[in-house]
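One structure is given below, encoded as structure tokens.
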Amino acid sequence: MPNNMQQSTHTLARALAAETLYADALGGRTLGMAVHSLERYALLLKRLGFAEQHTREMVYVHALPSRDAVVEWVRGSMLTWYLNALGPDLFASFFDTYRARLLAALPDDAPLPFTYRRMLLWARLADA
């Protein structure tokens, strides 16, 4: 599962979502999904009776052509929740502000190495 909660792509969106204009429309939520720590998932698997498990985080690096490509990447993934929750008109304002803030936070490198974290979980029940 994705685990980019501490990446600027996500922290900037949450901070913007907490601003009054958007917070009211979002009912106080700042992100569409909750991702817990890897340790929490490992303990949950243990409590559910999985005898063997492997939990890890993997960081993938994608060479994107520019900062704008990062914006488009998250527009088609993480930002879809904001679009659905805010509606097209309010999302347009949200997106314009978000885009400006994210572009200012990213280095102007081409290609731009964009990291993407994923949690990978595997577990097996004990043989009966």
Side-chain angles (χ1 to χ4, degrees):
M1 72 188 83
N3 188 26
N4 297 313
M5 297 304 147
Q6 299 310 313
Q7 198 169 32
S8 61
T9 52
H10 288 55
T11 59
L12 289 171
R14 287 196 310 271
L16 182 56
E19 293 179 10
T20 304
L21 175 63
Y22 307 110
D24 292 343
L26 294 171
R29 291 187 66 195
T30 59
L31 191 64
M33 63 183 239
V35 176
H36 303 290
S37 70
L38 196 56
E39 291 83 3
R40 185 168 178 180
Y41 289 113
L43 291 171
L44 178 62
L45 290 170
K46 181 68 173 170
R47 275 188 240 123
L48 290 172
F50 288 91
E52 188 179 347
Q53 66 171 277
H54 184 79
T55 57
R56 67 184 172 109
E57 184 175 70
M58 182 74 178
V59 178
Y60 299 91
V61 180
H62 300 279
L64 297 180
S66 67
R67 294 179 298 181
D68 286 309
V70 174
V71 174
E72 289 306 310
W73 178 292
V74 294
R75 185 180 197 165
S77 57
M78 183 265 303
L79 290 181
T80 60
W81 179 79
Y82 295 101
L83 171 60
N84 293 330
L86 293 170
D89 294 335
L90 193 52
F91 177 75
S93 168
F94 181 90
F95 180 75
D96 289 345
T97 303
Y98 171 80
R99 182 181 183 280
R101 291 180 186 181
L102 183 58
L103 290 177
L106 294 172
D108 193 12
D109 296 340
L112 179 71
F114 178 66
T115 58
Y116 195 80
R117 295 176 178 272
R118 288 246 184 224
M119 281 190 209
L120 305 165
L121 311 173
W122 174 90
R124 184 172 59 84
L125 292 170
D127 293 334

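At least one side-chain heavy atom of Leu102 sits less than 4.5 Å from a side-chain heavy atom of Ser8. Tyr41 is listed as a side-chain neighbour of Met1, based on a closest heavy-atom distance under 4.5 Å. With contacts defined as side-chain heavy-atom distances shorter than 4.5 Å, the pair Tyr98/Leu103 does not qualify. Considering only heavy atoms from C-beta on, Trp73 comes within 4.5 Å of His62 through its side chain. Contact annotation: the side chain of Phe114 never approaches that of Tyr60 to less than 4.5 Å [non-hydrogen atoms, C-beta and beyond]. Considering only heavy atoms from C-beta on, Pro111 stays 4.5 Å or farther from Leu64 through its side chain.
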Please walk me through it: do Phe94 and Tyr82 pass ring-ring contact (aromatic ring centres under 6.0 Å, His included)? CA-CA 8 Å; Phe94 181 90; Tyr82 295 101; 4.8 Å; yes
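Gln6 and Thr11 share no side-chain donor-acceptor pair at under 3.5 Å. Ser93 and Tyr22 share a side-chain donor-acceptor pair at under 3.5 Å.
Among residues two or more places apart in sequence or in another chain, the side chain to side chain contact (heavy atoms under 4.5 Å, CB included) test is passed with Arg117 by Asn3, Asn4, Glu57, Val59. Considering only residues two or more places apart in sequence or on other chains, Asp68 meets the salt bridge (charged side-chain N to carboxylate O under 4.0 Å, His left out) condition with Arg99.
Annotation for Arg40: atom CZ does not count as buried by contact number, only 12 or fewer foreign heavy atoms lying within 6.0 Å.
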Got a list of side-chain donor-acceptor pairs under 3.5 Å for residues 43-55, not counting sequence neighbours?
| residue | atom | partner | partner atom | Å |
| --- | --- | --- | --- | --- |
| Glu52 | OE1 | Arg124 | NE | 3.2 |
| Glu52 | OE1 | Arg124 | NH2 | 2.4 |
| Gln53 | NE2 | Ala42 | O | 3.0 |

